[in-house]
Amino acid sequence: MAKNVYQFVDVERIDPPKKPIAARRSAFAEIYQPMSDSQVQGQADRCLDCGNPYCEWKCPVHNFIPQWLKLANEGRIFEAAELSSKTNTLPEVCGRVCPQDRLCEGACTLNDDFGAVTIGSIEKYITDTAFKQGWRPDMSGVVDTGKKVAVIGAGPAGLGCADILVRNGVKPVVFDKYAKIGGLLTFGIPAFKLEKEVMDLRHDIFTEMGIEFVLNTEVGKDIAFEQLLNEYDAVFLGMGTYKYMKGGFANESASGVYEALPYLIANTNRQIGLEQNADDFIDMQGKSVVVLGGGDTAMDCVRTAVRQGAKRVICAYRRDEQNMPGSKREVQNAREEGVEFMFNLQPSDIAIDENGNACGVHMVKTELGPADAAGRRSPQAVEGSEHILEADAVIIAFGFQPSPSDWFADYGVILDEKGRVRAPRNGKFAYQTSNPKIFAGGDMVRGSDLVVTAIDEGRKAADGILDYLNV
Ligand code: FAD
Ligand code: SF4
């Protein structure tokens, strides 16, 4: 029977069901329940197969979306997973954490009038289901080249690089200072967006594929970079960006003011039993918490504070909701979980009590001024609107700046004016740094961005390494 191309009219878009709010507010567990097989098949069938798949172009790794939607619709899950793994190193992760509204689903032809195909949820379903049923990436055609590459950083960039190398017969040895793989996937992004078992399973699968991990090992401290440079045929740097952006306020170092990432990491360490020092844990139970910032990190902080039992959690952002940089889906999830949003508020100082502890934030209301050259309207202070937003704890989530290691210069690795490693995508060998044997990708090259863009850069850098090694 011919396919009903108007399926999208009869079958509405549905998202995976969410757990009840009360359960969400107290658990560090993913909030979405799985879609049933028949739901996935019905949703996948909504794809128009529109000839010029904008979704695929907009996806940074250019997934073969219409093709694996068709396979999912036909219940051919192993084939769908194999195809999905050809373009994406971590499809089950991207399905969970990509801001699909800005990427694939935002570009879906059905998006405006009928509701985009639920691409992210189906991508997650395919690989989760295939793994459960015993599927593993097909490595049968791999021929060993005898070459080996040291990968520094087991985040999405390093894993993307290692995935392509091992599939091309080059042995990747991945070094990471943490005890688990994943980088920010494990230690930054909380379990309510991405459960930690997802990366544990990946660790096993990557190891089966032939990737070697050397964890709890900081390069430059526990092992010399020079040793890696001498012992390996090439080196890939995927070390992320970790210098937090300060607000530059008075009293920013007062007790009760916290940086976002150490707050999230300490919470995760406690959740997964890796806590080394109980003093690192920052407990928001019973507190009024104000989080400054409007990106994904800020959303993760507010929702973590809710789960720790905070009395009141406020996200204060200096622009309006439309201009928030984070995923709209996560803002909605935070709101549902009881987070209050205050827009057009510009912090000026941390307010402190007589003991020097933070007791709030001095705020001024803002309104958006004229658009700049990039079309973005900057907030301007409204005269006479100064006030204190009271809080027991303030978390600063303004994003991250590059944090290049001191030793880069010793090996001729040049940085750009912002401190990012210079490794052009379109150079002679993709993502080669100014030292021919050293490649780099992910946040340390493009600045703090997304999981999927880091994966993409790691994979493209691996192509550059393969060309460089002439294998
Ligand atoms: P990282 O993930 O930072 O990995 C770098 C790795 O290098 C780390 O494991 C680190 O331990 C290791 N390393 C560094 N130096 C050394 C050394 N000297 N020796 C050994 N190992 C070293 N993106 C999304 O797409 N969706 C989201 O929902 C999202 N939420 C986020 C929430 C938070 C709180 C944060 C901070 C970021 C979020 N992001 C999100 C962004 C995303 O996580 C990053 O863009 C991505 O992880 C960058 O990947 P990377 O591999 O470049 O770096
Ligand atoms: Fe969409 Fe991200 Fe998957 Fe690409 S990787 S299809 S952008 S969810």
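Each ligand, and each atom within it, is numbered from 1 in the order the structure gives.
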Student: Which residue from P156, G295, G442 reaches closest to atom 49 (O) of ligand 1 through any of its heavy atoms?
Tutor: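 Among P156, G295, G442, the closest heavy atom to atom 49 (O) of ligand 1 belongs to P156.
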Student: Taking the non-hydrogen atoms of S448, is any one of them nearer than 4.0 angstrom to ligand 1?
Tutor: no
Student: Under 4.0 Å, heavy atoms only, figure out whether ligand 1 is touched by the backbone of Y242, its side chain, both or neither.
Tutor: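 Only the side chain of Y242 comes within reach of ligand 1.
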Student: With carbon and hydrogen excluded and only N/O/S kept, which atom of E123 is nearest atom 3 (Fe) of ligand 2?
Tutor: OE1
Student: I'd like the name of whichever of T268, T453, D449, N216 reaches closest to atom 41 (C) of ligand 1 through any heavy atom.
Tutor: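 Considering heavy atoms of T268, T453, D449, N216, the nearest to atom 41 (C) of ligand 1 sits in D449.
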Student: Among D296, I152, L184, which one has a heavy atom closest to atom 43 (O) of ligand 1?
Tutor: L184
Student: Do the side chains of K193 and E30 get close enough for a salt bridge, i.e. N-O under 4.0 angstrom?
Tutor: no
Student: Under 4.0 Å between a Lys/Arg side-chain N and an Asp/Glu carboxylate O for D449 and R446?
Tutor: yes
Student: Show which atoms of ligand 2 fall inside a sub-4.0 Å distance from at least one heavy-atom site of V452.
Tutor: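 Near V452, meaning under 4.0 Å from one of its heavy atoms, ligand 2 has 5 (S).
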Student: Check whether NZ of the Lys or CZ of the Arg R425 lies under 6.0 Å from the centre of the six-membered ring of Y431 and within 45 degrees of that ring's axis.
Tutor: no
Student: Compare A260, G183, G238 and give the one whose heavy atom is closest to atom 5 (C) of ligand 1.
Tutor: G238
Student: Specify side chain, backbone, both or neither for K221, according to which of its non-hydrogen atoms lie closer than 4.0 Å to ligand 1.
Tutor: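 Within the 4.0 Å criterion, K221 makes no contact with ligand 1.
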Student: Does a sphere of radius 6.0 Å around NZ in K287 hold more than 12 heavy atoms from other residues, nucleotides or ligands, not counting ones at 6.0 Å or beyond?
Tutor: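 Atom NZ in K287 is packed in, count exceeds 12.
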Student: Please find out if less than 6.0 Å separates the ring center of Y411 from that of F225.
Tutor: yes
Student: Against ligand 1, does L264 come closer than 4.0 Å with any heavy atom?
Tutor: yes
Student: As a check for students: among I189, V97, L450, I455, identify the option with a heavy atom nearest to atom 29 (C) of ligand 1.
Tutor: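 Looking at heavy atoms only, I189 sits closest to atom 29 (C) of ligand 1.
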Student: Do the numbers put R307 on top of the ring of F192, so that NZ or CZ is under 6.0 Å from the six-membered ring centre and no more than 45° off the axis?
Tutor: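 Yes, R307 sits over the ring of F192.
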Student: Hey, could you give me the CD/NZ distance between E337 and K18, rounded to the nearest 0.5 Å?
Tutor: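 Going from CD on E337 over to NZ on K18, the span is 8.0 Å.
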Student: Test of understanding: given a 4.0 Å heavy-atom threshold, classify the contact between C94 and ligand 2 as side chain, backbone, both, or neither.
Tutor: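 Looking at C94 and ligand 2, atoms from backbone and side chain both fall under 4.0 Å.
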Student: Could you tell me if Y317 and N323 have a donor-acceptor pair between their side chains, going purely by distance under 3.5 Å?
Tutor: no
Student: What residue and heavy atom of the protein are closest to atom 2 (Fe) of ligand 2, and at what distance?
Tutor: C98 SG, 2.4 Å
Student: Can you name the nearest heavy-atom pair linking S327 to P99, along with the distance?
Tutor: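 Heavy atoms only, the tightest pair is CB-CB, 4.0 Å.
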Student: Looking at D15 and R13, is there a salt bridge between them, counting it only when a charged N and a carboxylate O are closer than 4.0 Å?
Tutor: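 Judged by the 4.0 Å cut-off on N to carboxylate O distance, R13 and D15 do form a salt bridge.
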Student: Going by the atom numbers of ligand 2, which of them fall below 4.0 Å from some non-hydrogen atom of I65?
Tutor: 6 (S)
Student: Are the side chain of N63 and the backbone of I65 linked by a donor-acceptor contact shorter than 3.5 Å?
Tutor: no
Student: Does ligand 1 have any atom that is closer than 4.0 Å to a heavy atom of T217?
Tutor: yes
Student: Before we go on, tell me: are the rings of F213 and F175 under 6.0 Å apart, centre to centre?
Tutor: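 Centroid separation for F213 and F175: 6.0 Å or greater.
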Student: What is the nearest protein non-hydrogen atom to atom 4 (Fe) of ligand 2, stated with its residue, atom name and distance?
Tutor: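 Answer for atom 4 (Fe) of ligand 2: C59 SG, 2.4 Å.
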Student: For atom 7 (S) of ligand 2, what is the closest protein heavy atom, and at what distance to 0.1 Å?
Tutor: L103 CB, 3.6 Å
Student: Cation over ring, K148 on Y232, under 6.0 Å and within 45°?
Tutor: yes
Student: Minimum distance, heavy atoms only, to atom 36 (C) of ligand 1: which one of Y244, Y178, W407, F400 is it?
Tutor: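 Closest candidate by heavy-atom distance is F400.
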Student: Determine whether the side chain, the backbone, both or neither of A454 has a heavy atom under 4.0 Å from any heavy atom of ligand 1.
Tutor: side chain
Student: Give the residue, atom name and distance (to 0.1 Å) of the protein heavy atom nearest atom 53 (O) of ligand 1.
Tutor: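 Checked against all protein heavy atoms, atom 53 (O) of ligand 1 sits closest to G240 CA, 3.4 Å.
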Student: Should one rank T186, L261, V219, I181 by closest heavy-atom distance to atom 19 (N) of ligand 1, which comes out on top?
Tutor: V219
Student: I would like to know whether D49 and Q67 meet side-chain hydrogen bond (donor to acceptor under 3.5 Å, both in side chains); could you show each step before the answer?
Tutor: CA-CA 8 Å; D49 195 10; Q67 288 89 335; over 6 Å; no
Student: So which of A107, G106, C104 gets nearest to atom 1 (Fe) of ligand 2, if we judge by its closest heavy atom?
Tutor: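 Nearest option to atom 1 (Fe) of ligand 2, by heavy atoms: C104.
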Student: Hey, is there an N, O or S on C55 sitting under 2.8 Å from atom 1 (Fe) of ligand 2?
Tutor: no
Student: How close do L185 and K196 get, counting heavy atoms only, and between which atoms?
Tutor: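 Minimum heavy-atom separation between L185 and K196: O-NZ, 3.2 Å.
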Student: Do me a favour and list the nearest non-hydrogen protein atom to atom 6 (S) of ligand 2 with residue, atom name and distance?
Tutor: N63 ND2, 3.4 Å
Student: Only heavy atoms count here, so choose which of T297, L194, D222 is nearest to atom 35 (C) of ligand 1.
Tutor: T297
